[in-house]
Amino acid sequence: YQKAEEAYEKLVALTPRDPNVQLELAQAAQQSGDSVTAIEAFERFLKLAPDDPSAPIVREQLKQLRTASG
């Protein structure tokens, strides 16, 4: 998952306004145990695509991550 996270970080640098890349980065970071990056990427996803069908799930993931890391 660490390698996937690194790859998505490069993609985010190339396409910072792509919500799907933000979501993929968030999920990879979450799987690799990088809560800080996951939270930041989930938040960017929600800013870019607040009405996306995945948004409610992302909000729930954010809530869980913040509770676990807070």
Side-chain angles (χ1 to χ4, degrees):
Y1 292 110
Q2 182 65 36
K3 293 262 189 228
E5 181 181 353
E6 291 170 8
Y8 285 118
E9 284 176 347
K10 290 176 184 172
L11 281 172
V12 164
L14 295 172
T15 58
R17 302 204 48 81
D18 185 335
N20 294 317
V21 174
Q22 297 292 343
L23 186 57
E24 294 293 336
L25 170 59
Q27 293 171 338
Q30 187 176 17
Q31 292 295 322
S32 70
D34 184 353
S35 296
V36 172
T37 299
I39 289 169
E40 290 171 353
F42 277 138
E43 288 173 343
R44 285 190 300 267
F45 169 81
L46 289 173
K47 282 184 183 176
L48 293 168
D51 299 323
D52 188 274
S54 300
I57 295 166
V58 169
R59 286 186 187 94
E60 185 58 36
Q61 289 283 26
L62 265 173
K63 184 178 169 184
Q64 291 176 9
L65 281 168
R66 287 181 180 135
T67 301
S69 65

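Just so you know, these numbers use all the heavy atoms, side chains as well, and skip hydrogens, waters and symmetry mates.
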With a 4.5 Å cut-off on side-chain heavy atoms, are Leu11 and Leu25 touching? no
Interatomic spacing from CG in Asp51 to CG in Leu46 - rounded to 0.5 Å: 10.5 Å
Would you kindly confirm whether Leu65 and Val58 end up in one hydrophobic cluster when ILVMFWY residues are joined by side chain heavy atoms under 4.5 Å apart? yes
If we ignore hydrogens and angles and just use 3.5 Å, is the side chain of Thr15 paired with the main-chain N or O of Val12 as donor and acceptor? no
CG on Asp18 to CZ on Phe45, rounded to 0.5 Å: 10.0 Å
Which pair of non-hydrogen atoms, one from Pro50 and one from Ala55, has the smallest distance, and what is that distance? O-CB, 3.5 Å
Between Ser54 and Asp52: side-chain donor-acceptor atoms closer than 3.5 Å: yes
Rounding to 0.5 Å, atoms OG1 (Thr67) and CD (Gln64) come to a distance of 7.5 Å
Determine yes or no for a side-chain-to-main-chain donor-acceptor pair under 3.5 angstrom, with Gln22 supplying the side chain and Arg17 the backbone. no
Between Thr37 and Glu9, is there a side-chain heavy-atom distance shorter than 4.5 Å? yes
Distance in Å, Gln30 CD paired with Leu62 CG, rounded so as to fall on 0.5 Å steps: 9.0 Å
State the OH-CD distance between Tyr1 and Gln27, to the nearest 0.5 angstrom. 10.5 Å
Separation between NZ (Lys47) and CD (Glu43), nearest 0.5 Å, reads 7.0 Å
